[in-house]
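Worksheet for the structure shown next.
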Amino acid sequence: MIADYAKCAKEIFETIEEKSKLVSADHCATRLRLVAEDNQQVDMEKLEHIDGVKGVFSNNGQIHLIIGTEAVEAVYKELLKAGGITEASLEKEKPAKEESAFRKVMKALGDAF
């Protein structure tokens with residue numbers, strides 16, 4: 001059990017922001033799922049040693065921090081506060097530009113053959 005959710009979240013945020021920038025954050029039942037501008041620059045070992053983080057791994061371009069069912073949502077909310085960000089600002093990255101009509105036709109032809 002984490003004694004201080006805010007401290008845990010602040011340390012996670014600061015560790016990510018040391019060498020990169022937090023792009024998105026989400027959570028599931030047990031893990032925080034984070035994406036930085038450059039995940040390769042994030043100090044994974046330092047993340048592992050934060051009180052409350054039970055494990056760290058990278059998968060599909062996301063950094064997964066195992067927090068546990070009891071604390072993950074609270075740490076997630078504190079992470080948003082630590083970064084001065086809202087859920088809406090992290091939910092989606094910039095939407096893709098609309099494809100031109102020419103590109104759509106070429107893609108359709110390419111998919112057909």
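Values below: all heavy atoms of this structure, side chains included; hydrogens, waters and symmetry mates excluded.
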Do any side-chain atoms of residues 57-68 form donor-acceptor pairs under 3.5 angstrom with protein atoms, and if so which ones, sequence neighbours left out?
from	atom 1	to	atom 2	distance (Å)
Ser58	OG	Gln62	O	3.4
Gln62	OE1	His64	NE2	3.3
His64	ND1	Arg31	NE	3.1

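Between the CE atom in Met44 and the OG1 atom in Thr15 there is a gap of 11.5 Å [rounded to 0.5 Å]. A distance of 6.0 Å separates CG of Leu22 from CG of Leu79, quoted to the nearest 0.5 Å.
The minimum heavy-atom distance between Asp51 and Cys8, with the atom names listed, is O-SG, 3.4 Å. Ala82 and Lys10 make their closest contact through CB-CA, 4.0 Å (heavy atoms, listed as atom of the first residue, atom of the second, distance). Ala71 and Tyr5 get closest at one heavy-atom pair: CB-CE2, 3.4 Å. Minimum heavy-atom separation, Ala9 to Val75: CB-O, 3.5 Å.
With a 4.5 Å cut-off on side-chain heavy atoms, Ile12 and Leu34 count as touching.
A distance-only check finds no donor-acceptor pair linking the side chain of Ser20 to the backbone of Ile16 [under 3.5 Å]. A donor-acceptor contact shorter than 3.5 Å is absent between the side chain of Thr30 and the backbone of Thr69.
Between Glu17 and Lys21 there is no salt bridge, since no side-chain nitrogen of the basic residue lies less than 4.0 Å from a carboxylate oxygen of the acidic one.
For residues 38-48, the side-chain hydrogen bond (donor to acceptor under 3.5 Å, both in side chains) pairs, not counting sequence neighbours, are Glu18-Lys46.
The side chain to side chain contact (heavy atoms under 4.5 Å, CB included) check on Glu73 picks up His27, Lys77, with sequence neighbours excluded.
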